[in-house]
Amino acid sequence: MRKIKVGVVGLGYWGPNLIRNFYRHEGFEMVWGCDLLEKNLINIKKDYPFLKLTRNFQDLLSDKSLDLIAVATPPETHYNLGEKVLMSKKHLWIEKPFTTSLNLAKKLFLLAQKNHCYLHVDFPFIFYSPVQKIKELVEKKKIGTPYYYTSLRTNLGLIQKEIDVIWDLAPHDLSILLYLFPKLKPIKVYSAGSQHLKNYHKKQVANLVINFNNNFTAYIYLSWLSPIKMRLITLVGSKKMVLFDDIDPVEKIKVYDKELRVEKNKITPFNPIYRNGDITIPYIDNREEALYKQINFLFENLNRKIFKYYTGEIAINILDILGKIEYK
Ligand SMILES: NC(=O)c1ccc[n+]([C@@H]2O[C@H](COP(=O)([O-])OP(=O)(O)OC[C@H]3O[C@@H](n4cnc5c(N)ncnc54)[C@H](O)[C@@H]3O)[C@@H](O)[C@H]2O)c1
């Protein structure tokens, strides 16, 4: 079977990870790498000497044999580059947050469908074994009624030029939430954030609170200006509470059999009951990189007659939530 020929545009931090995983997958053939900066082309050449390299994106568009272009450039460039990919009738892999507005995202989505091209938006957490384990717990109704979600997502950088910390990092949490709970609908979205650096006016620290339907709430704290890297998520339900610490190399998920409820009776109308049970650490098969699993998902999709734009739909729902933010 003919391999799917791939070009990657944007060889800064993330693009080389795409190349590494496309290269590993036997359904794909890595053909082109493209970046405006010569130094990034020189770097990638060391590991992939066979790659055709260019600073001119047009070279990829003009290559009739190229099937798919992955766009890993800064978000403000996604729409223009993505539109050109789809106009040249090539499949499009595009980085989160997809585009910088809901309108632009919808345009690309429609263009992909019109031109019979597949559109994949990169959300690695959906394909990440610990998150898939949480999904399994949710689906088996182990956590009971979901109450709320918290996330601490901090590090020093990597800052983006044209989008703030919310647009850069919140898509990760929102992709997790929409994957775990596909029927979530945002009701109110608030944010308070701050900027501290001279000559750079995008928020570097922010809190995001999202009230969803069914009284489910997400509290997301994001920072590019933190001394330590934290990736700590809790999901609290009526029966169990889940802690996901992505920094922990082994015990990433802990399930706490804990419960708090308040009961009324005739003697005392306020009778809080605290239940403290076992803490379990489920086994997680985390041998395969989430990005590779995602590339395999793309491969399977490309082999269907009718595309399912699953990650594109998630991206649009995420941009809808980000567009609803009321800034305090
Ligand atoms: N999926 C993930 O987990 C994940 C992780 C990190 C970054 N990202 C996303 O990947 C994208 C890139 O982020 P990054 O951190 O790699 O940025 P980066 O700044 O390190 O790299 C972007 C590269 O794109 C190049 N570029 C810009 N415009 C170009 C053009 N027209 N033609 C060719 N090259 C061009 C730049 O020269 C730069 O080298 C962003 O959308 C970001 O949100 C995703």
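Predicted model only: the values in this text are computed from it and were never measured. What's counted below: heavy atoms across the whole structure, side chains too, no hydrogens, waters or symmetry copies. Numbering of ligands and ligand atoms starts at 1, following listing order.
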**Q.** D168 neighbourhood, listing ligand 1 atoms whose heavy-atom distance to it stays under 4.0 Å
**A.** 43 (O)
Q: May I ask which of G157, P97, A72 has a heavy atom nearer to atom 22 (C) of ligand 1 than the others do?
A: A72
Q: May I ask you to list the atoms of ligand 1 that are less than 4.0 angstrom from any heavy atom of N40?
A: 39 (O)
Q: Classify the contact between F57 and ligand 1 as side chain, backbone, both or neither, using a heavy-atom distance cut-off of under 4.0 Å.
A: neither
(Q) Are F98 and H78 an aromatic pair, judged by ring center distance below 6.0 Å? (A) no
Q | Pair Y147 + F216: ring centers closer than 6.0 Å | A | no
Q: Number the atoms of ligand 1 from 1 as they appear, then name those within less than 4.0 Å of a heavy atom of H172, with their elements.
A: 2 (C), 3 (O)
**Q.** Per-atom contacts of ligand 1 with G12, taking only distances under 4.0 Å to non-hydrogen atoms
**A.** 20 (O), 21 (O), 23 (C), 39 (O)
Q: Considering the heavy atoms of H78, write down every atom of ligand 1 situated less than 4.0 Å from one of them.
A: 41 (O)
Q: From atom 37 (O) of ligand 1, work out which of T100, L36, L158, D35 has a heavy atom at the shortest distance.
A: D35
Q.
Please confirm whether the ring centroid of F50 lies under 6.0 Å from the ring centroid of Y23.
A. yes
Q | Pick from P74, A290, A70: the one approaching atom 19 (O) of ligand 1 most closely through a non-hydrogen atom | A | P74
Q) Looking at ligand 1, does any of its N/O atoms fall within less than 3.5 Å of an N/O of T77? A) no
Q: Look at atom 13 (O) of ligand 1 and find which of Q294, E95, Q160 reaches it with the closest heavy atom.
A: Q160
Q.
For the residue pair R153 and Y221, would you count it as a cation-pi contact if the rule is NZ or CZ under 6.0 angstrom from the ring centre and within 45 degrees of the ring axis?
A. no
